[in-house]
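Data first, discussion second: the structure below is written as structure tokens.
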Amino acid sequence: MANSFYDQIYEAVRRIPPGNVASYGQIARLLGKPRAARSVGWALHNLPEGSDVPWHRVINAQGIISLDAHGFGGAVQRTMLEDEGIVFDQYGRVDMELYGWPGLDLAERDQILNLPRSA
DNA sequence: ATAATGACTGGGG
DNA sequence: ACCCCAGCCATTA
């Protein structure tokens, strides 16, 4: 349906630039509904095919790709993100500090990548 | 209007 | 760090 909360979600997701990721809760917060993360997940789950919404850039707050009951799609999503330059650690997780939207500028990102592990 | 659903989240053990 | 549990919320049946 047009003009529904879902449409607001889709618009917000469309604003996520390539190479960046956002969490469901983050999108919900942007729309003024900090507790509507589950609804965001539902909205993306019901996303029609051929949509221009970059749904793959939305993952959970822990930097992990959420999967539906079907269980499939995760590998596809991960591949799409990797194509945008996002790197997953050995546990299949993304560094939200590094790739989280609105994202850091290249200088900041580079600085973080060069930060000493533990001083 | 009530009950169920789900690609979430944060806190606790 | 991992697993489990109880709130939260818009949409649908």
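As the structure is a computational prediction, the values presented were derived from the model and not from experiment.
Contact annotation for A/Phe5: backbone-only contact, meaning every heavy-atom pair under 4.0 Å involves sugar-phosphate atoms and none involves a base. At the heavy-atom level, A/Arg29 lies nowhere under 4.0 Å from the strands shown.
Under 4.0 angstrom from either OP1 or OP2 of C/dA10 there lies at least one side-chain N or O belonging to A/Lys33. Of the side-chain N and O atoms in A/Ser39, none sit less than 4.0 angstrom from OP1 or OP2 of C/dC8.
For A/Glu82, the CD atom is densely surrounded, since the number of other residues' heavy atoms within 6.0 Å is greater than 12. The number of heavy-atom neighbours closer than 6.0 Å to CZ of A/Arg35, taken from other residues, nucleotides and ligands shown, is 12 or below.
At a threshold of 4.5 Å between non-hydrogen side-chain atoms, the residues A/Phe5 and A/Lys33 count as touching. By the 4.5 Å heavy-atom criterion applied to side chains, A/Ser23 and A/Met96 are counted as neighbours.
Proximity note for A/Tyr24 (side chain, C-beta onward) versus C/dT11, B/dG10, B/dA7: the nearest is B/dA7. Closest contact between the side chain of A/Gln77 and the listed nucleotides C/dA10, B/dC8, B/dA7 involves B/dA7. Distance from the side chain of A/Trp42 is smallest to B/dT5 among B/dT5, B/dA7, B/dT9. Closest to the side chain of A/Arg93, from the set C/dC2, B/dT5, B/dC8, is C/dC2. The side chain of A/Arg35 lies closest to C/dC8 when the candidates are B/dT9, B/dA7, C/dC8.
Going from atom CG of A/Asn46 over to atom P of C/dT12 covers 8 Å, rounded to whole Å. Rounded to an integer number of Å, the gap from OH of A/Tyr6 to P of C/dA10 is 10 Å. Remark: C1' of B/dA7 and CG of A/Leu81 are 13 Å apart, rounded to the nearest angstrom. Nucleotide B/dG6 holds its C1' atom 15 Å from the CG atom of A/Leu47, rounded to whole Å. Between the C1' atom of B/dG6 and the CG atom of A/Leu67 lies a distance of 13 Å, rounded to the nearest Å. Counting to the nearest Å, the P atom of B/dA7 and the CE atom of A/Met80 are 18 Å from each other. Whole-Å rounding puts the A/Gln62 CD to C/dA1 C1' distance at 11 Å. Regarding A/Ile27, its CD1 atom lies at a distance of 16 Å from the P atom of C/dA10, rounded to whole Å.
Using a 4.5 Å cut-off between side-chain heavy atoms of Ile, Leu, Val, Met, Phe, Trp and Tyr, with links allowed through other members, A/Val87 and A/Ile59 fall into the same hydrophobic cluster.
Judged by distance alone, with hydrogens and angles left aside, A/Arg38 brings a side-chain donor or acceptor within reach of the base of C/dG7, the pair sitting under 3.5 Å.
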